[in-house]
Amino acid sequence: MSVSSDSAKPAQLNATKNAATQPADSVAKSNSMPYLNHFASDVANSWLLPDGVVDVLFEDAHKQEVLRYQLTQQLITHGYQLVNPPMIEFTESLLSDASEDLKRQTFKIIDQLTGRLMGLRADITPQILRIDAHHGGTGIARYCYAGDVIHTLPSGLFGSRTPLQLGAEIFGCADLAADIELIDVLFGMVNTLDMSAALHIDLGHVAIFKRLAEMAALSDSDAEQLMHLYANKNLPELKRVCQALPMGDDFYALARFGHDIDNLLTKLSTAAQQDEQISTAIDELQRLKTHLKTQWQCPVSVDVTELSGYHYHTGIVFNGYINSETQPLVRGGRFDGMQSGGHLSVSQPREATGFSMDVSRLLAHTQLEVPSIVLIDYQAATQASPEQRQTLLQQATSLREQGYRVTMPLNADDRPDGVTHRLGFADNQWQLQTISLN
């Protein structure tokens with residue numbers, strides 16, 4: 001049996017008041033049982049949720065479920081197979097190819113059956129790798145998913161630790177056509193929603209920095225320092241650091257001219273300009289940017305120093321932002337080179353690309369149709385004959401199939417909020433009447 005904090009408050013106030021008039025020995029007895037003194041505050045604290053964890057209630061919960069269904073159906077109609085991996089896995093498979101950031105975001109628990117370490121998933125993509133290793137074969141495979149993930153820390157200020165992650169992945173295709181398909185599917189999904197804001201895409205390509213680091217034989221510590229300076233947009237310090245690095249002018253040029261994809265190649269050294277991997281990466285960025293602008297009339301920005309997924313992604317990366325929000329709604333890109341299945345008997349990596357989004361972030365930017373809420377007349381229902389009541393139930397079922405929300409009241413005071421229609425009995429039949437909201 002639970003006790004609410006509201007019901008405990010009067011008892012706590014009375015106990016405090018009476019303590020002032022009780023004898024000393026009585027007060028001493030009450031102090032010998034501190035769990036009673038703190039009972040009310042403990043009950044109140046038990047209702048608190050951790051930072052970054054919230055209830056999704058009522059219309060928002062309904063909206064979230066509708067969004068989940070609509071978006072996954074869109075992906076299914078585009079040929080993506082729906083999968084639903086478990087919330088927990090042994091860390092050997094869940095984190096075998098994970099970045100350090102993902103490992104830090106993953107809660108670890110002990111399996112009470114085996115004593116082995118398990119993880120609560122913080123991202124579904126590693127689970128898709130395992131599924132593809134078992135069921136993907138050697139050809140092209142498409143997967144989609146929607147499920148809750150759990151983070152040890154929120155992403156950004158006021159970020160959620162329990163996002164509803166929805167995404168799509170393509171395995172087995174190294175061509176840019178796979179990335180373009182995912183972009184088209186993403187915008188096809190978004191355009192079916194009643195969105196109050198437009199999606200802005202920020203493009204990047206981690207292969208440019210990776211290839212320059214290889215050519216310059218850059219150490220891991222130097223690479224990490226450069227990525228830190230890129231992330232903080234610290235050009236003066238970056239220029240100073242680059243002066244002491246091999247091919248330093250190229251690394252500085254990425255930050256200085258990395259937003260101008262049409263001219264970036266001309267700002268690099270001759271060796272970088274003639275490198276096939278770098279020129280191919282820049283060409284892919286140009287093609288994808290052109291496709292976004294012509295096909296979807298989408299605002300596009302480019303930043304080749306966007307390396308937040310450097311240890312995970314291997315090629316094209318993109319983030320989708322709504323309005324001026326600092327955290328992206330959508331993250332996507334290539335993650336070739338990850339071993340599908342890790343400890344499984346799969347020796348070759350599979351080319352892969354995908355995207356994921358937090359469906360809960362869409363709640364503030366989408367609207368559902370105003371529901372039609374029907375209340376059955378309580379008095380008429382209680383006075384109805386068996387034949388009339390059977391007709392009533394049939395009509396209520398028919399209205400529900402048409403999308404109405406029909407409430408059969410349990411008593412005369414049972415009335416939901418926002419009633420728009422009344423189903424009453426008149427002229428020997430059940431009639432639906434619209435209620436004026438004015």
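What you see is a predicted model; the values in this text were computed from it and never measured.
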Does any donor atom in the side chain of [X] or [Y] lie under 3.5 Å from an acceptor atom in the other side chain?
X	Y	result
Glu325	His365	yes
Asp414	Asn411	no
Thr114	Asp111	yes
Asp101	His311	no
Glu169	Tyr80	no
Asp283	Thr280	no
Glu306	Ser308	yes

Closest non-hydrogen atom pair between [X] and [Y], with its separation:
X	Y	answer
Ala178	Thr353	CB-CG2, 3.9 Å
Val359	Gln64	CG1-O, 4.2 Å
His259	Val302	ND1-O, 2.8 Å
Gly139	Arg350	O-NH1, 2.7 Å
Pro85	Ile131	CG-CD1, 3.9 Å
Thr407	Pro409	O-CD, 3.4 Å

When [X] is tested against each of [options] for side-chain contact (heavy atoms from CB on, under 4.5 Å), which residue passes?
X	options	result
Leu362	Leu71, Val190, Leu166	Leu71
Asp179	Asp184, Ile316, Ile170	Ile316
Leu329	Asn319, Leu199, Asn323	Leu199

Check whether any side-chain N or O of [X] sits under 3.5 Å from a backbone N or O of [Y] as a donor-acceptor pair, and report yes or no.
X	Y	answer
Arg161	Asp51	yes
Ser99	Tyr312	no
Lys108	Thr106	yes
Gln105	Leu153	yes
Asp60	Val56	no

Check against side-chain contact (heavy atoms from CB on, under 4.5 Å), Phe355 and Ile183: CA-CA 9 Å; Phe355 70 80; Ile183 287 286; over 6 Å; no

Atom [atom1] of [X]: over 12 foreign heavy atoms under 6.0 Å:
X	atom1	answer
Tyr69	OH	no
Lys63	NZ	yes
Glu276	CD	no
Arg211	CZ	yes
Asn263	CG	yes
Asp249	CG	no
Gln402	CD	yes
Ile180	CD1	yes

Distance check, rounded to the nearest 0.5 Å: [X] atom [atom1] versus [Y] atom [atom2]?
X	Y	atom1	atom2	answer
Ile201	Leu186	CD1	CG	6.0 Å
Leu75	Gln81	CG	CD	12.5 Å
Asp358	Ser155	CG	OG	8.0 Å
Arg361	Leu164	CZ	CG	13.0 Å
Gln277	Leu212	CD	CG	10.5 Å
Ser269	Met247	OG	CE	4.0 Å

Quick one: do [X] and [Y] make a salt bridge, cutoff under 4.0 Å?
X	Y	result
Glu59	Arg405	yes
Lys103	Glu100	yes
Lys233	Asp303	yes

Sub-6.0 Å ring centroid separation between Tyr310 and Phe209: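 Yes.
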
Check: Phe171 ring centroid to Tyr143 ring centroid under 6.0 Å: yes

Criterion side chain to side chain donor-acceptor pair (under 3.5 Å) on Asp194 and Thr366, from CA distance to verdict: CA-CA 5 Å; Asp194 184 15; Thr366 56; over 6 Å; no

side-chain contact (heavy atoms from CB on, under 4.5 Å) assessment of Gln74 paired with Val185: CA-CA 8 Å; Gln74 283 285 320; Val185 168; over 6 Å; no

Aromatic plane relationship, Tyr321 with His200 - under 30° parallel, 30 to 60° tilted, over 60° perpendicular: tilted

Mutual orientation of the aromatic rings belonging to Phe187 and Trp296 [parallel < 30°, tilted 30-60°, perpendicular > 60°]: parallel

Stepwise side-chain contact (heavy atoms from CB on, under 4.5 Å) test for Arg121 and Ile88: CA-CA 6 Å; Arg121 68 184 183 198; Ile88 55 175; over 6 Å; no

side-chain contact (heavy atoms from CB on, under 4.5 Å) assessment of Leu363 paired with Leu67: CA-CA 9 Å; Leu363 298 181; Leu67 286 170; 4.0 Å; yes

